[in-house]
Asks: 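Here you go, one structure.
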Amino acid sequence: KQNPKEMDCLKKSSLFSLPIFLLYFSITLSFNNGVNASHKVFPGLQSTSTVDVKNVHRTGYHFQPPKNWINAPMYFNGVYHLFYQYNPYGSVWGNIVWAHSVSTDLINWIPLEPGIYPSEVFDKYGTWSGSATILPNNKPIILYTGIVDAKNTQVQNYAIPADISDPFLRKWIKPDNNPLIVADVSINKTKFRDPTTCWLGEDGYWRTLIGSVWGKQGLAILYKSKNFMKWTKVQHPLHSVDGTGNWECPDFFPVLLHGSNGLDASYNKKNIKHVLKVSLDVTRFEYYTVGKYDTKKDRYIPDKTSIDGWKGLRLDYGNYYASKSFYDPSKNRRIMWGWANESDTVNDDVKKGWAGIQTIPRKLWLDPSGKQLVQWPVEELEALREQKIQLSNRKLNKGDKIEVKGITPAQADVEVTFSFSSLDKAEPFDPNWANLYAQDVCAIKGSTVQGGLGPFGLLTLASQNLEEYTPVFFRVFKAQDKYKVLMCSDASRSTLKNDKTMYKPSFAGYVDVDLTNKTLFLRSLIDHSVVESFGAGGKTCITSRVYPTLAIYDNAHLFVFNNGTETIKIKSLNAWTMGKPKMNWSFGHSSY
C-alpha cells in the first residue's frame with residue numbers, strides 16, 4: 001500500500017524526465033591521499049553498531065543517512081533514485097547493500113528498503129557499484145558488479161524493477177541468467193568493475209565500459225551487445241594509459257561545444273566532444289580528459305590540450321571520488337554527483353557512528369575554450385537559502401579581515417566577487433614548482449604566507465580567535481608568459497585535534513581564468529564538516545572534509561581576508577544561512 005506521505009511528496013514533483021541515472025560509490029577511507037584502498041574490509045569493525053551517534057560534525061544540507069557507512073544515486077519518470085552503497089551494521093566499509101532513497105528535487109529525500117543486496121551465487125560476496133540505462137521500451141535496467149567468491153572474483157550482473165508501475169521502484173529482481181559479463185583470461189578478475197551507463201551506437205549495438213588494470217596500465221574495457229543480454233568484449237579497450245594503475249568508476253559522455261545544455265549518452269552528432277572520467281585507485285582522485293570519440297574504430301582520443309595521466313584535469317581537487325554523471329532532459333542538463341569520505345580515522349567513524357556524505361549535485365558543461373569542464377551546484381539548492389547578508393565595495397588591505405555576521409557560518413552558502421586594481425604585484429612563479437602539484441605549492445604558500453596579489457579569500461569554519469579555520473583563497477603568480485591563479489582549500493589548520501593519522505591536506509588546483517577584468521569569483525558551500533568551493537564560476541572545484549573542535553555550531557565564524565600587499569576590494573558578497581532539507585528516515589533503512 002502506498003504511504004500517503006510518500007504520495008504527497010510524489011505529487012509535488014515538477015520533474016517529468018524519462019531517463020534514469022545511477023551514481024555509484026564503493027570506496028572507503030585510507031591513506032592514499034586520505035582514503036583507504038578501495039573496498040578495504042575491517043572484519044572486527046564492519047558489524048560494530050553504535051549506541052550514541054555523534055552529531056557534532058554531521059552535515060545539515062548534504063545527503064547522509066542517520067548512521068553507519070554510506071556512499072552513492074538514479075532517475076526515472078520524474079523521480080530521482082539515490083542508490084548508495086550502505087553498511088546497515090556499522091560505520092566502516094563492509095556488509096554492503098544498495099540502499100535506496102527517492103526525491104523529486106535532488107534536495108529532499110525519502111528512504112526506502114535496500115534495492116539490491118547479496119543473495120545469489122553471482123553476488124554472494126558483494127553487490128558493488130554499477131549504473132543504470134533506459135531501454136527503448138522505457139524500462140530501466142541496472143548493471144552492477146557482483147562478487148562471486150572469497151577470492152574477490154568480479155562479474156557484471158543486471159537487475160530490473162519487479163513492478164514498473166511503482167513510481168518508487170522499490171523492488172528489484174536479479175534474473176537467473178546472470179552474470180551477463182564474465183572476465184576472460186586477458187582480464188584481471190579482481191580488478192574488473194563499475195560498468196558505465198550504456199550508450200546505443202548508430203550500428204544498433206549497445207556499449208558499456210568496465211574499469212580495470214593490466215600491470216600498471218589503466219583500462220576502460222569496452223563491451224557491446226545487440227540485445228543487452230549477450231555481451232562481447234571489443235578486441236581493444238576504448239582507452240588505456242600506462243602507469244596510471246587501476247581505473248574505477250569510469251564515466252563516458254558527450255558535451256556540446258557551445259552552451260551549457262546537456263546531452264544523452266547516446267547522442268553523437270556534430271558540434272560535440274566527449275569526456276572520459278576515471279577514478280584512479282592509486283591516487284584516490286578523479287581525472288578526466290576532453291577529446292574525440294571515433295565511432296568507426298571504437299576508440300577515444302584525448303585532445304592534445306588534455307594531459308592524460310596523474311597531472312591531468314580533475315573534477316575536484318579535494319576529497320571527492322567515485323562520481324557519476326547523468327543526463328536530465330527535464331531541464332536539459334548533465335548532472336555530476338560525487339562522494340566525499342571522512343578524513344578522520346576509522347576509530348573516529350566507529351565512535352561517531354557514521355561515515356561518508358554525498359556532495360551537492362553539480363550541473364556540468366564544457367567551458368567555451370573547449371579545454372575543460374565547468375561545474376556548478378544545481379539550482380534546486382537555492383531553495384534552502386534563508387537569512388541573507390550582503391557586503392559591497394569593502395577594501396581589504398594587507399592583514400585585514402572582515403567578519404561576515406548575520407548568518408549561520410557553520411551552515412552557509414557564500415558567493416563573493418573580488419577585484420583588484422593592478423596585476424603588478426603578482427609574485428614570480430618559481431620555475432622549481434613546475435613539476436609540483438598545485439597542492440604542494442599551496443602547502444608552501446599558505447594563507448599565512450604574505451604575498452603580493454594574494455592570498456585573499458574566505459576563512460571558513462573559523463574559531464573567534466582563529467585557533468581553527470579552513471581558508472579558501474586565491475594567489476596570483478606571474479609566470480614567463482602568463483599569470484597563474486592558484487586556488488587553495490587548506491585543512492592544515494582546521495582543527496586543534498592532535499591526531500597524526502588525521503588527514504589535513506592543503507588541497508589546491510590552478511584556475512584557467514582571464515584576468516583582464518581584474519576580478520575573481522568564489523563560491524563556498526559550508527556545512528559543519530565539509531567545505532565545497534567553486535572558483536571562477538566553477539572552473540576549479542575543491543572539496544575539503546574538516547573536524548573543528550572550537551568552530552562548531554554557533555561558535556563557528558566566517559571571515560573575508562587579504563594577506564597580500566595589493567589592496568583587494570570585496571566588489572560584492574552574498575551569504576545565506578542554509579536550511580535543512582526534509583529527510584524522513586522513518587520510512588526505511590531496515591536491515592536486509
Asks: Would you indicate whether the side-chain heavy atoms of N178 and L180 approach each other to under 4.5 Å?
Replies: yes
Asks: Ignoring hydrogens and geometry beyond distance, is a side-chain donor-acceptor pair present between D123 and T127 at under 3.5 Å?
Replies: no
Asks: Taking all heavy atoms of V213 and all of N188, pick out the closest pair and write down the distance.
Replies: O-CB, 3.6 Å
Asks: Can you list everything that forms a salt bridge (Lys or Arg N to Asp or Glu O under 4.0 Å) with R207? Sequence neighbours excluded, please.
Replies: D203, D298
Asks: Would you call R545 and I357 a side-chain contact if the rule is heavy atoms closer than 4.5 Å?
Replies: yes
Asks: Would you say the side chain of S544 lies within less than 4.5 Å of the side chain of N319, judging by non-hydrogen atoms?
Replies: no
Asks: Might you work through the side chain to side chain contact (heavy atoms under 4.5 Å, CB included) test for E113 and R170, ending with a clear yes or no?
Replies: CA-CA 7 Å; E113 296 298 313; R170 304 164 189 273; over 6 Å; no
Asks: Should C541 and L315 be marked as a side chain to side chain contact (heavy atoms under 4.5 Å, CB included) after you check the CA-CA gap, both sets of side-chain angles, and the distance that decides it?
Replies: CA-CA 7 Å; C541 308; L315 284 179; over 6 Å; no
Asks: Evaluate the side-chain proximity of N246 to V282: yes if any heavy-atom separation is below 4.5 Å, no if none is.
Replies: no
Asks: Taking only distance into account, with no hydrogens and no angle test, what donor-acceptor pairs under 3.5 Å do side-chain atoms of residues 231-238 form with protein atoms, sequence neighbours excluded?
Replies:
from, atom 1, to, atom 2, distance (Å)
W231, NE1, F228, O, 2.8
H236, NE2, K297, O, 3.1

Asks: Where is the tightest heavy-atom contact between I360 and P377, given as atom of each residue plus distance?
Replies: CG2-CB, 4.1 Å
Asks: Under 4.0 Å between a side-chain nitrogen and a carboxylate oxygen: does that hold for K324 and D251?
Replies: yes
Asks: Which distance, rounded to the nearest 0.5 Å, do you find between the CD of Q439 and the CD1 of I542?
Replies: 9.0 Å
Asks: Crowded around D176 CG? As in, over 12 foreign heavy atoms under 6.0 Å?
Replies: no
Asks: Could you tell me if the side chain of L436 sits less than 4.5 Å from the side chain of I444, heavy atoms only?
Replies: yes
Asks: Closest heavy-atom contact between A508 and C488?
Replies: CB-SG, 3.8 Å
Asks: Parallel, tilted or perpendicular: which describes the rings of W337 and W109, with under 30° parallel and over 60° perpendicular?
Replies: tilted
Asks: Could you check whether K539 pairs with D367 (Lys NZ or Arg NE/NH1/NH2 to Asp/Glu carboxylate O, under 4.0 Å)?
Replies: yes
Asks: Should we count NZ of K171 as having more than 12 external heavy atoms under 6.0 Å?
Replies: no
Asks: With a 4.5 Å cut-off on side-chain heavy atoms, are L219 and F192 touching?
Replies: no
Asks: Show every side-chain hydrogen bond (donor to acceptor under 3.5 Å, both in side chains) that has at least one partner inside residues 303-312, sequence neighbours left out.
Replies: H239-D308, K273-D303
Asks: Among all residues two or more places apart in sequence or in another chain, which pass the side chain to side chain donor-acceptor pair (under 3.5 Å) test with R362?
Replies: D316, Q375, E532, T543
Asks: Ignoring hydrogens and geometry, is there a side-chain-to-backbone donor-acceptor pair from S529 to Y547 under 3.5 Å?
Replies: no
Asks: Consider ring pair (Phe, Tyr, Trp, His ring centres under 6.0 Å). Of F252, Y288, F253, which one does H274 pass it with?
Replies: F252
Asks: Quick one about Y300 and T289 (side-chain donor to acceptor, distance below 3.5 Å, no hydrogens or angles considered), yes or no?
Replies: yes
Asks: Please report the shortest heavy-atom distance between I272 and K269, naming the atom on each side.
Replies: CG1-O, 3.3 Å
Asks: So do the side chains of Q156 and L143 get within less than 4.5 Å of each other, counting heavy atoms only?
Replies: no
Asks: Just jot down the side chain to side chain donor-acceptor pair (under 3.5 Å) partners of N177, sequence neighbours excluded, or say none.
Replies: Y158
Asks: Kindly give the heavy-atom pair with the smallest separation between G146 and N157, and that separation in Å.
Replies: CA-ND2, 3.5 Å
Asks: Taking C-beta and beyond as the side chain, do W247 and L280 meet within less than 4.5 Å on heavy atoms?
Replies: yes
Asks: Using distance alone, with no hydrogens and no angle criterion, decide if T145 and S129 have a side-chain donor and acceptor under 3.5 Å apart.
Replies: no
Asks: Which residue in the set W339, Y320, Y321 passes side-chain contact (heavy atoms from CB on, under 4.5 Å) when paired with T359?
Replies: Y320
Asks: Would you sort out whether R299 and D294 count as a salt bridge (Lys or Arg N to Asp or Glu O under 4.0 Å), showing the intermediate values?
Replies: CA-CA 5 Å; R299 288 190 182 276; D294 187 332; over 6 Å; no
Asks: Which heavy atom of A491 sits nearest a heavy atom of V546, and at what distance?
Replies: CB-CG1, 3.8 Å
Asks: The criterion is side chain to side chain donor-acceptor pair (under 3.5 Å); which residues satisfy it with S494, sequence neighbours excluded?
Replies: none
Asks: Could you please spell out the steps behind the side chain to side chain contact (heavy atoms under 4.5 Å, CB included) verdict for R334 and L263?
Replies: CA-CA 7 Å; R334 178 162 290 273; L263 297 171; 5.6 Å; no
Asks: Scan W172, Y117, F83, Y84 and name whichever one has a ring pair (Phe, Tyr, Trp, His ring centres under 6.0 Å) with H100.
Replies: F83
Asks: I'd like to know if the side chain of S131 reaches the main chain of P195, judged simply by a donor and an acceptor atom lying under 3.5 Å from each other, with no hydrogens or angles considered.
Replies: yes
Asks: Before giving the answer on side chain to side chain contact (heavy atoms under 4.5 Å, CB included), spell out for N138 and F76 the whole-Å C-alpha distance, their side-chain angles and the decisive distance to 0.1 Å.
Replies: CA-CA 9 Å; N138 196 34; F76 183 65; 3.6 Å; yes
